[in-house]
Colleague: 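Below is one structure. I have some questions about it.
We use all heavy atoms of the structure for the numbers below, so side chains are in, but hydrogens, waters and symmetry mates are not.
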Amino acid sequence: MIQAVAFTWGEKLVSELGTVPTASAADRYIRWAGLFAGFVAARLVTQADRSGEDVGILYAIPVFGLCAVAGVLAADALTARPRGAVRTAGLAPRRVRDYVPPRMTALLVAQAGVLVVLLGAAAALAWPDDAGRAGRSLTFTCPGGGIADAGPWPGAFYGLPILASLAVSTGCCLWSLTWIARRPGDDRARRDRSLAVVAAWGLLVSALLLGTASTASGALMGTTCDGTLGRVANGLLWPAALVALVTVPWCLVTVISPKARVRR
């Protein structure tokens with residue numbers, strides 16, 4: 001008798017609280033629209049590069065990533081809130097770290113740190129190119145005394161827009177995660193939406209790291225007199241690019257399929 005009463009009361013409470021679908025059709029469509037807009041914008045950027053405006057793939061990557069992040073944030077902002085009476089209990093405030101996937105977040109934060117360090121080192125080593133544009137080439141002296149140029153190089157010319165896109169997306173995603181943690185709803189919905197936001201941010205971070213590491217490694221491999229320093233640098237760049245190469249589709253699948261579950 002007591003169990004039956006408790007079960008009936010539980011059903012009534014759930015119906016009063018209401019539910020929030022974690023992956024509605026509109027949610028998916030808006031996320032896909034963000035990815036599609038990013039693809040189109042990235043194509044326009046690469047076409048501008050072929051037309052002589054010289055912006056390169058390293059400009060297209062942050063454009064795509066920012067559109068992907070915007071799509072996920074827009075989908076979350078337009079999702080219907082719980083209907084009916086919403087009850088709260090407890091004195092402990094909800095924290096963002098309680099809802100983000102810990103393993104995935106730690107990996108992405110580490111990649112962001114590697115990206116910042118890589119861009120800082122690349123900017124410190126960069127030289128002007130043949131046209132006098134700063135931060136687009138790597139110049140060093142060969143053992144025989146000759147001068148070698150390697151490019152394109154992810155110096156300040158490319159690095160500053162990359163860092164700006166990283167800073168903007170990080171601020172927007174942190175704000176969104178804070179809002180998700182504090183607003184009404186159930187814990188499962190908070191975790192699912194936090195996962196989507198982290199995955200969108202991770203898609204940007206991992207794509208930027210992949211593009212930066214690949215560009216730097218390609219510039220070093222394009223010359224025959226980079227010496228020991230070049231071999232050591234490639235030994236560090238290749239693992240970073242490989243990890244980012246695995247993370248990009250992981251984050252992309254999570255953004256495309258909101259119901260997908262990953263090891264957290």
Side-chain angles (χ1 to χ4, degrees), residues 37-70 108 111-142 146-172 201-227 229-245 247-248:
F39 175 77
V40 172
R43 286 283 298 173
L44 292 176
V45 171
T46 54
Q47 289 175 0
D49 181 54
R50 288 195 295 268
S51 66
E53 295 185 20
D54 198 29
V55 289
I57 188 65
L58 286 179
Y59 275 47
I61 292 175
V63 168
F64 171 78
L66 287 174
C67 290
V69 171
L108 295 176
Q111 289 189 17
V114 172
L115 175 62
V116 172
V117 172
L118 176 58
L119 289 174
L125 297 173
W127 287 74
D129 61 4
D130 296 338
R133 294 167 294 192
R136 295 193 70 256
S137 178
L138 177 65
T139 302
F140 47 87
T141 303
C142 296
I147 303 298
D149 294 327
W153 180 254
F157 182 83
Y158 297 111
L160 290 179
I162 290 175
L163 289 175
S165 65
L166 179 63
V168 170
S169 64
T170 301
C172 292
W201 181 75
L203 178 61
L204 173 65
V205 170
S206 55
L208 289 176
L209 179 59
L210 177 60
T212 303
S214 300
T215 301
S217 178
L220 291 173
M221 294 176 64
T223 180
T224 57
C225 63
D226 53 343
L229 180 60
R231 289 190 293 272
V232 171
N234 275 322
L236 298 175
L237 292 172
W238 290 345
L242 180 60
V243 173
L245 181 62
T247 310
V248 167

Colleague: Looking only at heavy atoms, which two atoms of Thr215 and Gly211 are closest? And how far apart?
Modeller: OG1-O, 2.7 Å
Colleague: List the residues meeting side-chain hydrogen bond (donor to acceptor under 3.5 Å, both in side chains) with Ser217, not counting sequence neighbours, and say none if there are none.
Modeller: Asn234, Trp238
Colleague: If you take all heavy atoms of Leu208 and Pro62, which pair is closest and at what distance?
Modeller: CD2-CD, 3.6 Å
Colleague: Let me confirm one number: the CG-OG1 distance from Leu204 to Thr170, rounded to the nearest 0.5 Å.
Modeller: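 Rounded to the nearest 0.5 Å, the CG-OG1 separation comes to 7.5 Å.
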Colleague: How many angstroms lie between CD1 in Ile61 and OG1 in Thr212, if you round to the nearest 0.5 Å?
Modeller: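 Nearest 0.5 Å value for the CD1-OG1 distance: 6.5 Å.
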Colleague: Could you tell me the separation between the CD atom of Gln111 and the CG atom of Leu118, rounded to the nearest 0.5 Å?
Modeller: 12.0 Å
Colleague: Rounded to the nearest 0.5 Å, what separation is found between the CG atom of Leu237 and the CG atom of Leu242?
Modeller: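 It comes to 12.5 Å.
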Colleague: Where do Pro152 and Ala219 come nearest, in terms of heavy atoms and distance?
Modeller: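 Scanning both residues completely, I find the closest heavy atoms to be O-CB, 3.6 Å.
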Colleague: Within this structure, what is the CD1-OG distance for the pair Ile57 and Ser214, rounded to the nearest 0.5 Å?
Modeller: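 With rounding to 0.5 Å, CD1 (Ile57) is 10.5 Å from OG (Ser214).
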Colleague: Do Phe39 and Phe64 have ring centres separated by under 6.0 Å?
Modeller: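 Ring centres of Phe64 and Phe39 not closer than 6.0 Å.
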Colleague: Taking only residues two or more places apart in sequence or in another chain, which ones pass side-chain contact (heavy atoms from CB on, under 4.5 Å) with Ala122?
Modeller: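 Listed in chain order: Trp153, Pro154.
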Colleague: If every non-hydrogen atom of Val248 is compared with every non-hydrogen atom of Ser206, which pair is closest and at what distance?
Modeller: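 In this case the closest contact between Val248 and Ser206 is CG2-OG, 3.4 Å.
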Colleague: Of all the heavy-atom pairs spanning Leu203 and Ala68, show the shortest one and how long it is.
Modeller: CD2-CB, 3.8 Å
Colleague: Test your reading of the model: is there a side-chain donor-acceptor pair from Ser165 to the backbone of Ile162, 3.5 Å cut-off?
Modeller: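 Checked: pair present.
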Colleague: Measure across Leu209 and Ala240 and return the closest heavy-atom pair with its distance rounded to 0.1 Å.
Modeller: CD2-O, 4.0 Å
Colleague: Who pairs with Leu163 by side-chain contact (heavy atoms from CB on, under 4.5 Å), at least two apart in sequence or on another chain?
Modeller: Val116, Leu119
